[in-house]
Amino acid sequence: MKKMYPKNGRVILHVDMNSFYASVEMAYDPSLKGKPLAIAGSVEERRGIIVTCSYEARKFGVKTTMPLWQAKKLCPQLIVKPPNFERYRAASKGIFDILRHYTELVEPVSIDEGYMDITESFEFGTPIEIAESIQKRILEQLDLPCSIGIAPNKFLAKTASDMKKPLGITILRKRDIPNILWPLNTSEMHGVGKKTAEKLKTIGIQTIGDLAKANDIQLKALLGINGVRLKERANGIDHRPVDPESIEYFKSIGNSTTLPHDTTNQQEIFHVLDSLAATVSVRLKRKNVLATTLGVTIRYKDRKTITRSTKTGNPINQKEEITEQAKQLFMKHWNGNPVRLLGITGFDLIEQEHAYKQLDLFSYENEAKKEPLLKTLSSLRDKYGKKIIKSAGSHLVDPAHQIGTSTSFNKDFLQAFSKKEDEND
């Protein structure tokens with residue numbers, strides 16, 4: 001079987017679940033199968049937005065991020081369910097448990113997709129047999145459909161998994177690139193958005209083939225180092241390894257401070273938590289990561305110290321979100337005794353570019369409000385360059401630098417506390 005694998009090179013799979021949230025609901029309630037189904041925030045209100053929908057709903061033109069009222073106009077018989085994130089997380093865990101049966105080299109990208117390096121997994125069969133086995137097991141054990149791309153690198157594997165949905169398996173080799181990829185418009189290439197595609201048109205690049213043969217100097221002038229990288233991808237070059245630890249470079253980021261005096265004054269305590277949340281927010285943004293677990297440390301007058309944590313509904317790095325959850329945690333676990341030290345820490349960090357925001361109603365309403373601003377910023381950057389406006393988080397002065405008693409929890413004693421104990425509270 002080993003002869004079916006390359007002597008030099010890798011075999012990468014990209015496993016991508018099909019209409020994940022809707023599929024999980026159908027697995028949970030089989031009566032929904034074959035029907036137009038949508039998962040949406042604020043189901044009872046017209047302003048709700050579609051999170052995802054079944055392929056039956058898509059036939060009517062229903063799409064992700066579409067307003068619920070518009071979706072129902074296109075498909076009056078649309079069945080709408082609110083998101084159940086605990087259910088989706090449980091299904092995701094089951095999926096990745098299956099993937100790790102074949103190799104330890106599994107890199108989750110989001111809740112419903114991931115890469116696998118099966119170069120040394122020949123004992124399980126040929127690459128196509130492994131893909132078929134994975135697809136079959138996920139379908140039989142979890143009742144969930146997926147599509148799988150097989151290729152020599154991550155870019156081609158991701159591209160391949162998008163080619164046949166649902167329940168597709170596609171092999172994409174480097175020798176296939178000229179015939180399969182190069183005729184496509186650049187906007188259809190993974191990693192190229194509409195704005196980038198429009199920019200590429202200004203220098204005569206319409207297709208992926210044009211990009212593959214483009215001038216490096218022109219590309220770098222137009223898009224920076226990313227332009228050269230995109231050209232490499234267009235030629236099927238991608239040296240990124242499948243890295244199971246890619247989202248764990250920063251185990252935790254936090255901050256603590258000793259109070260000027262031991263206190264039971266809730267207003268004073270909340271003021272300190274506000275300041276700590278601001279510091280943690282800045283540090284998370286600087287590292288381009290978000291926290292999926294938030295912890296609060298309380299040290300009392302008698303030096304007794306406790307740390308309690310909770311899973312966040314969505315990955316977070318905004319001060320307001322950190323403050324709100326930290327205060328809730330504090331009030332839940334504070335015993336009323338005088339407090340000497342307070343700390344806030346973000347755990348289970350994920351990279352910003354891979355953060356899969358679980359969009360509940362609150363998230364949707366806020367994201368919708370941001371859309372006009374984001375479009376304006378994008379327009380300004382397109383016209384005057386990327387550096388014209390930057391995220392405030394990248395320029396903020398770390399508030400902790402102004403507080404002499406502050407301590408970073410990135411590598412200190414907070415990591416020694418058991419999160420298992422915290423989550424059981």
Side-chain angles (χ1 to χ4, degrees), residues 41 82-86 88-89 111 247 250-257 259 265-299 305-336 339 341-352 354-367 369-370 392-393 396 398-400 403 406-410 412-415 417-425:
N84 186 321
F85 297 118
E86 287 305 314
Y88 308 148
R89 291 188 190 102
I111 194 171
I247 60 173
F250 307 104
K251 299 291 184 181
S252 65
I253 290 177
N255 192 57
S256 71
T257 188
L259 278 59
N265 185 303
Q266 185 176 319
Q267 187 173 354
E268 289 182 24
I269 290 170
F270 276 12
H271 178 72
V272 173
L273 289 174
D274 282 336
S275 177
L276 292 171
T279 301
V280 173
S281 175
V282 169
R283 291 176 177 172
L284 288 168
K285 290 174 181 177
R286 282 182 175 173
K287 299 292 187 182
N288 290 315
V289 293
L290 298 94
T292 60
T293 300
L294 195 74
V296 168
T297 294
I298 309 169
R299 180 178 293 166
T305 305
I306 66 167
T307 299
R308 297 294 180 263
S309 65
T310 185
K311 289 288 184 184
T312 61
N314 295 319
I316 61 173
N317 66 3
Q318 297 297 323
K319 174 185 177 294
E320 294 76 16
E321 296 170 312
I322 296 170
T323 300
E324 180 183 358
Q325 297 205 27
K327 288 178 180 178
Q328 289 176 4
L329 262 179
F330 175 82
M331 292 305 296
K332 181 178 179 181
H333 298 289
W334 180 38
N335 64 14
V339 175
L341 174 145
L342 287 170
I344 298 177
T345 302
F347 295 104
D348 299 330
L349 308 181
I350 58 175
E351 294 173 274
Q352 184 131 2
H354 290 158
Y356 193 91
K357 199 166 188 181
Q358 312 294 3
L359 293 174
D360 54 21
L361 171 61
F362 176 80
S363 302
Y364 267 117
E365 296 303 323
N366 280 277
E367 294 305 313
K369 289 174 185 175
K370 293 177 188 175
L396 287 175
D398 190 332
I403 306 174
S406 293
T407 305
S408 169
F409 275 120
N410 198 25
D412 67 8
F413 69 91
L414 264 187
Q415 294 185 32
F417 287 92
S418 168
K419 284 186 280 181
K420 292 289 185 183
E421 176 188 5
D422 301 339
E423 291 165 4
N424 290 333
D425 285 344

Exercise. For a side chain to side chain contact (heavy atoms under 4.5 Å, CB included) with Ile344, tell me which candidate from Leu273, Asn255, Thr297, Thr323 qualifies.
Key: Leu273
Self-check item: Side-chain donor/acceptor of Thr307 to backbone N/O of Val296, under 3.5 Å
Solution: no
Quiz item: What are the two closest non-hydrogen atoms of Ile306 and Arg308, and how far apart are they?
Solution: CB-NH1, 3.9 Å
Self-check item: Minimum-distance pair of heavy atoms, taken over all atoms of Lys311 and Gln325
Solution: O-OE1, 4.4 Å
Practice problem: Give, for atom NZ of Lys327 and atom CD1 of Ile269, the distance between the pair rounded to the nearest 0.5 Å. | Solution: 11.5 Å
Quiz item: Looking only at heavy atoms, which two atoms of Leu284 and Ile316 are closest? And how far apart?
Solution: CD1-O, 4.0 Å
Quiz prompt | Interatomic distance, Glu268 atom CD to Leu259 atom CG [nearest 0.5 angstrom] | solution = 7.5 Å
Practice problem: Taking salt bridge (charged side-chain N to carboxylate O under 4.0 Å, His left out) as the test, write out the residues that go with Lys319, two or more places apart. | Solution: none
Quiz prompt | Nearest heavy-atom neighbours spanning Gly346 and Ala291 | solution = CA-CB, 3.7 Å
Quiz item: How far does CZ of Phe85 sit from CG of Asn314, to the nearest 0.5 angstrom?
Solution: 6.5 Å
Quiz item: Can you list every ring pair (Phe, Tyr, Trp, His ring centres under 6.0 Å) pair that touches residues 309-331, not counting sequence neighbours?
Solution: Phe330-Trp334
Self-check item: Heavy-atom donor-acceptor pair, Thr312 side chain to Thr292 backbone, under 3.5 Å
Solution: yes
Self-check item: Over all atoms of both residues, closest heavy-atom pair of Asn317 and Leu290
Solution: ND2-CG, 3.9 Å
Exercise. Starting at CZ of Arg89, measure out to CG of Asn84 and round the result to the nearest 0.5 Å.
Key: 9.5 Å
Quiz prompt | Inter-residue atom distance Ile298.CD1 - Thr305.OG1, 0.5 Å rounding | solution = 10.0 Å
Practice problem: May I ask you to decide if Asp348's main-chain N or O and Thr293's side chain share a donor-acceptor pair within less than 3.5 Å? | Solution: no
Quiz item: How long is the span from the CD1 atom in Ile253 to the OG1 atom in Thr345, to the nearest 0.5 Å?
Solution: 10.0 Å
